[in-house]
Amino acid sequence: MIVDINAARAAAEQSIANASTIDELRQLDTELLGKKSPLALLKNGLGKLPTVDEKKEAGQALNEAMSAVEFTLAQRRALLGRAERNVQLSAEALDLTEHFAAPGRGKSHIVTQAWQRLEDVFVGLGFQVAEGPEVETDWYNFEALNMPPSHPARSMHDTFYVDHGQPGSTVLRTHTSPVQIRVMQNVAPPIYMIMPGRVFRNETTDATHLAVFHQIEGLVIDRGITLADLAGTIEAFTQAFFGAGFTSRLRPSYFPFTEPSAEFDIRTPKGDWLELGGCGMVHPNVLRAGGLDPEEWSGFAFGFGIDRMAKERHGVGDVREMYTNDIRFIEQF
Ligand code: PHE
């Protein structure tokens with residue numbers, strides 16, 4: 001009987017191995033393990049065996065054979081299942097290549113790129129970033145910055161006025177300097193902040209001027225800040241932003257809100273000087289407008305154009321090109 005059991009088991013395992021579909025396996029399940037299967041028939045014959053020991057031995061062999069067949073079936077079912085799924089998956093796969101390729105991937109505008117790089121460099125130097133409103137009061141944009149209504153420097157800022165409140169009391173900010181005042185009013189010193197943003201000047205646009213452009217302002221307020229700190233910060237920024245071969249210089253100048261004031265230039269490795277922006281020691285009247293005591297605190301400020309940086313960095317001939325949104329231009333950067 002043991003011989004018959006082993007033979008039935010081997011035959012069953014062979015037919016499982018030959019099965020090539022899940023359907024065939026389903027059929028084999030009944031054929032090999034059902035009531036009329038060879039193993040089941042052998043089991044029915046157990047009672048006819050002469051001795052208890054023989055019954056026991058054959059019974060064990062039958063149980064082993066049945067679980068072995070069950071196991072082989074399950075294994076084969078899993079294998080064929082995976083194969084059938086793979087066939088189905090590849091048959092039903094959708095080719096979306098064309099769909100993904102069509103719209104193209106966007107990227108940041110060169111002015112945004114310059115803005116972000118500037119922030120990165122200043123954050124690396126220990127500055128925090130602040131922003132202020134684009135629509136300002138005359139007080140923040142001019143008066144608090146030491147430009148009372150009669151001040152001649154106001155005429156340097158061709159101002160857009162907003163029809164709101166008293167005539168002439170609301171403006172589109174002409175520079176980012178009003179954010180200095182807002183920061184001083186809201187943050188207790190020491191202050192090490194940069195303030196990027198959009199500014200507006202009522203002037204005719206040409207290759208080097210825009211009516212809407214971007215500036216980044218820097219403000220440092222602490223105890224015992226001197227002009228040497230200003231010059232050192234401009235130099236550290238120049239090397240961090242442009243690279244080790246670049247250097248900077250300050251040239252005496254005038255701004256109502258700083259005293260002394262300077263323009264700062266950078267020198268390229270080729271030796272050309274490029275005018276970058278304005279800076280100076282914060283005027284005592286400006287500190288007072290910001291609610292700070294000039295006897296206790298001193299500081300410096302600087303400001304320059306972001307669009308300008310993008311223009312120089314990428315050798316753009318005409319700044320207006322940066323805003324016509326011609327995709328052939330934008331795509332290049
Ligand atoms: N606000 C000045 C401008 O727009 C630049 C500047 C900022 C100068 C800070 C000095 C200090 O021209």
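Predicted, not measured: the structure shown is a model, and the values here were computed from it. Start at 1 with the first residue, then count along the sequence. As a basis for the values below, the full set of heavy atoms in this structure was taken, side chains included, without hydrogen atoms, waters or symmetry mates. Remember, it's 1-based here, ligands and their atoms both numbered in the order they're listed.
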Self-check item: Residue contacts for ligand 1, heavy atom to ligand atom, distance under 4.0 Å
Solution: H175, S177, Q180, R201, Q215, E217, F255, F257, T258, G278, C279, A301, F302, G303
Exercise. Could you grab the distance from atom CD1 of I5 to atom CG of L62, nearest 0.5 Å is fine?
Key: 3.5 Å
Practice problem: Calculate, to the nearest 0.5 Å, the distance between atoms NE2 and CZ belonging to H214 and R308 respectively. | Solution: 16.0 Å
Enumerate donor-acceptor pairs with a distance under 3.5 Å from any side-chain N or O in residues 278-288 to protein atoms, sequence neighbours excluded.
unit_1 : atom_1 : unit_2 : atom_2 : d
H283   : ND1    : N285   : N      : 3.0
H283   : NE2    : N146   : ND2    : 3.4
N285   : OD1    : R288   : NH1    : 2.8
N285   : ND2    : N146   : OD1    : 3.0

Self-check item: Name of the residue among T159, N202, N141, D158 meeting side chain to side chain donor-acceptor pair (under 3.5 Å) with T174
Solution: N141
Quiz item: How many angstroms lie between CZ in R249 and CD in E263, if you round to the nearest 0.5 Å?
Solution: 11.0 Å
Quiz item: Could you give the distance from CG (L125) to CZ (F241), rounded to the nearest 0.5 Å?
Solution: 12.0 Å
